[in-house]
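Worth saying up front: this structure is predicted, and the values here are computed from it rather than measured. Order of the sequence lines fixes the chain letters, A, B, ..., with proteins taken first and strands second; residue numbering starts at 1 for each chain.
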Amino acid sequence: MEAGKRMEKVLEKSLNQKVKRRSFLKVFAAAAATSVVPVKEATAFSFSKYFQKHYKEMTEADKKKVFARITKEAKEKYNTSINISDPQAIPGVKYAYCLNLKACNGSRMCVTACAEENNIDPDIGSYIKVLEMPIGTSNTERGDLFYDEHNLPKDGKYYLPTQCNQCDNAPCTKVCPVEATWKEKDGLVVIDYDWCIGCRYCQAACPYEARHFNFKEPKIDKSKLNTQQSYLSNRVRSKGVMEKCTFCLHRSREGQYPACLEACPTGARKFGNILDPKSEVAQIFKHKRVFVLKEELNTMPQFFYYFD
Amino acid sequence: MKYLLLFLIIPSLYAQVEIEQRLDIIKGFPCMKCHGSFVNKKSHFPLNTPHENIKLNHYKEINNCYFCHDRDNRNQLKLINGKKIAFNQGYKVCIQCHGEKNRDWKLGIHGKQVGSWSGKKYRYSCISCHEPHKPQFSKWIADPLPKYPWIDSARKGGH
């Protein structure tokens with residue numbers, strides 16, 4: 001007996017009635033069609049977001065539409081008006097960050113300020129990790145993230161805050177399969193959150209553990225939401241995309257210091273334009289001996305440490 | 001007058017740098033309101049109210065208040081060469097000994113400086129962090145760690 005006839009016999013037996021192939025296929029097709037229709041849920045499907053272009057290919061008109069969509073979504077979700085800016089790289093500027101390890105006392109005030117400024121999901125916590133290191137090594141494997149918070153600084157230890165180093169030879173931008181992350185002209189490594197597919201290759205490639213993944217929809221406290229946002233830095237992300245420190249792009253491209261610098265109680269952090277010989281960071285290069293982490297990997301970080 | 005912020009343009013920098021003014025923060029100025037009518041001759045501790053909390057532990061050779069304070073006019077400080085200094089330029093007393101820190105502070109490397117990396121900056125003075133009578137820092141208590149979901153297993157040493 002050929003296969004079609006065998007199928008009919010089996011169905012007849014199970015349904016206890018004579019089945020016609022045509023009527024069976026009709027029912028099957030209808031059932032398949034109804035199961036494919038998208039269901040309204042928390043992460044609703046949006047045609048404009050699905051067909052959105054890569055940030056680097058957007059025209060001014062495209063950007064306007066995208067920012068309007070983001071503002072509308074934020075209004076629906078948080079019932080607050082937000083301000084999406086899109087500051088461009090200032091010509092003749094290349095950012096560098098310098099940190100005085102003699103001054104850092106492990107206060108973690110930069111960690112808290114970063115979390116508030118960048119609308120970070122509490123599960124990710126913050127873009128900054130402060131390690132308690134034994135004096136004599138810069139090997140971060142020997143650092144302790146969970147150090148005792150009292151009686152700081154402890155004898156024989158120094159405190160090493162780590163975050164994205166905005167590497168000149170960044171491994172993360174090389175491994176991204178869709179070019180959702182790239183290095184801008186002013187040195188910042190940025191992510192287009194709407195282009196990222198969440199494969200986490202960049203997280204595997206980064207030697208400094210600077211890239212973070214949203215395993216779930218970020219839950220930001222409405223009262224703590226920072227409404228001054230920008231497309232490439234601190235706007236609220238969605239489930240399944242990467243995020244990282246951007247040296248507070250929305251602040252630094254407007255001439256302000258990053259939030260971590262302003263929060264530091266000892267003034268250990270210094271930030272500015274390395275191409276300007278009169279800036280604090282250029283003066284630090286002139287007068288102090290700076291080093292970077294994991295220099296042997298040739299990532300060429302733009303985050304420099306020194307002991308005063 | 002003391003509520004006006006003075007702009008100090010340092011010739012080596014291109015940007016305007018505003019230095020924190022001590023007189024905006026100090027209480028009980030001018031000192032001569034009390035010290036004009038009576039002159040307290042003693043320079044040993046403990047001092048009378050409102051200075052009872054002051055303990056001098058800056059450098060073992062300095063055990064006399066009048067090394068920095070002007071005995072005749074308490075509204076000002078004085079340098080080793082006898083020159084009188086206003087409280088708003090109090091850092092000039094510090095830089096007599098701390099030359100290297102002065103160089104770094106004037107460049108914006110030492111101490112805290114906020115404002116704009118490309119424009120006007122607000123620089124904190126020496127005594128906003130360093131208590132001049134007892135500059136040794138006390139121990140700090142850090143902010144707590146963020147509540148990472150993996151923190152409990154990581155603390156125990158798990159994967």
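We find the CD-NE2 distance between A/Glu280 and B/His110 to be 14.0 Å, quoted to the nearest 0.5 Å. Atom OG1 of A/Thr112 and atom CG of B/Asp143 lie 3.5 Å apart (nearest 0.5 Å). Atom CD1 of residue B/Ile141 and atom CG of residue A/Asn151 lie 7.5 Å apart, to the nearest 0.5 angstrom. Interatomic distance, B/Phe137 CZ to A/Leu152 CG, rounded to the nearest 0.5 Å: 14.0 Å.
Closest of all the heavy-atom pairs between A/Gly125 and B/Pro146 is CA-CB, 3.5 Å. Between B/Gln113 and A/Lys270, the shortest heavy-atom contact is N-NZ, 4.1 Å. The nearest pair of heavy atoms linking A/Gly255 to B/Ser118 is CA-OG, 3.8 Å. A/Pro265 and B/Cys129 get closest at one heavy-atom pair: O-SG, 4.5 Å.
No more than 12 heavy-atom neighbours from other residues, nucleotides or ligands sit within 6.0 angstrom of OH on A/Tyr201. Atom OH of A/Tyr78 has more than 12 neighbouring heavy atoms from other residues, nucleotides or ligands inside a 6.0 Å radius. Heavy-atom neighbours of B/Lys84 NZ from other residues, nucleotides or ligands within 6.0 Å: above the threshold of 12. Within 6.0 Å of CD in A/Gln228 there are more than 12 heavy atoms belonging to other residues, nucleotides or ligands. No more than 12 heavy atoms of other residues, nucleotides or ligands sit less than 6.0 Å from atom CD of A/Glu209. Residue A/Asp155 places its CG atom among 12 or fewer non-hydrogen atoms of other residues, nucleotides or ligands, all under 6.0 Å distant. Within 6.0 Å of NZ in A/Lys216 there are more than 12 heavy atoms belonging to other residues, nucleotides or ligands. Within a 6.0 Å sphere centred on CZ of A/Arg142, heavy atoms belonging to other residues, nucleotides or ligands number 12 at most.
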Kindly determine whether B/Trp117 and A/Ser279 satisfy side-chain contact (heavy atoms from CB on, under 4.5 Å), including the steps that lead there.
CA-CA 8 Å; B/Trp117 56 265; A/Ser279 64; over 6 Å; no
For A/Lys278 and B/Leu107, run side-chain contact (heavy atoms from CB on, under 4.5 Å): C-alpha distance rounded to whole Å, both residues' side-chain angles, the deciding distance at 0.1 Å, then the answer.
CA-CA 8 Å; A/Lys278 295 208 180 80; B/Leu107 293 171; over 6 Å; no
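Remark: the backbone N or O of A/Glu262 is paired with a side-chain donor or acceptor of B/Lys112 at under 3.5 angstrom. Between the side chain of A/Ser107 and the backbone N or O of B/Ala142 there is no donor-acceptor pair closer than 3.5 Å. Of the possible donor and acceptor atoms, one in the side chain of B/Lys139 sits under 3.5 Å from a partner among the backbone N and O of A/Pro153.
With chain A as the partner, the residue from B/Tyr124, B/Trp140, B/Trp150 showing the most heavy-atom pairs under 4.5 Å is B/Trp140. By number of non-hydrogen pairs under 4.5 angstrom with chain B, the leading residue of A/Gly272, A/Cys264, A/Ser126, A/Ala103 is A/Cys264.
A salt bridge links B/Asp104 to A/Lys288: at least one charged side-chain nitrogen sits closer than 4.0 Å to a carboxylate oxygen.
Heavy atoms of A/Cys98 lying under 4.5 Å from chain B are absent altogether. Using a 4.5 Å cut-off between heavy atoms, A/Tyr306 contacts chain B through its side chain alone, with no backbone atom that close. Residue contact with chain B, scored on non-hydrogen atoms closer than 4.5 Å, involves the backbone and the side chain of A/Asp123 alike. Interface remark: A/Val281 contributes no atoms to any contact with chain B (heavy atom separation under 4.5 Å). Contacts between A/Ala282 and chain B at a heavy-atom distance below 4.5 Å are absent for every atom of the residue. With a 4.5 angstrom heavy-atom cutoff, A/Asp308 touches chain B only via side-chain atoms. Proximity to chain B (any heavy atom under 4.5 Å) is restricted, for A/Ile90, to the side chain, taken from C-beta onward.
B/Leu145 has its side chain within reach of A/Arg108: a pair of non-hydrogen atoms, C-beta onward, lies under 4.5 Å apart. Counting heavy atoms from C-beta outward, A/Tyr257 and B/Lys121 have side chains that approach closer than 4.5 Å.
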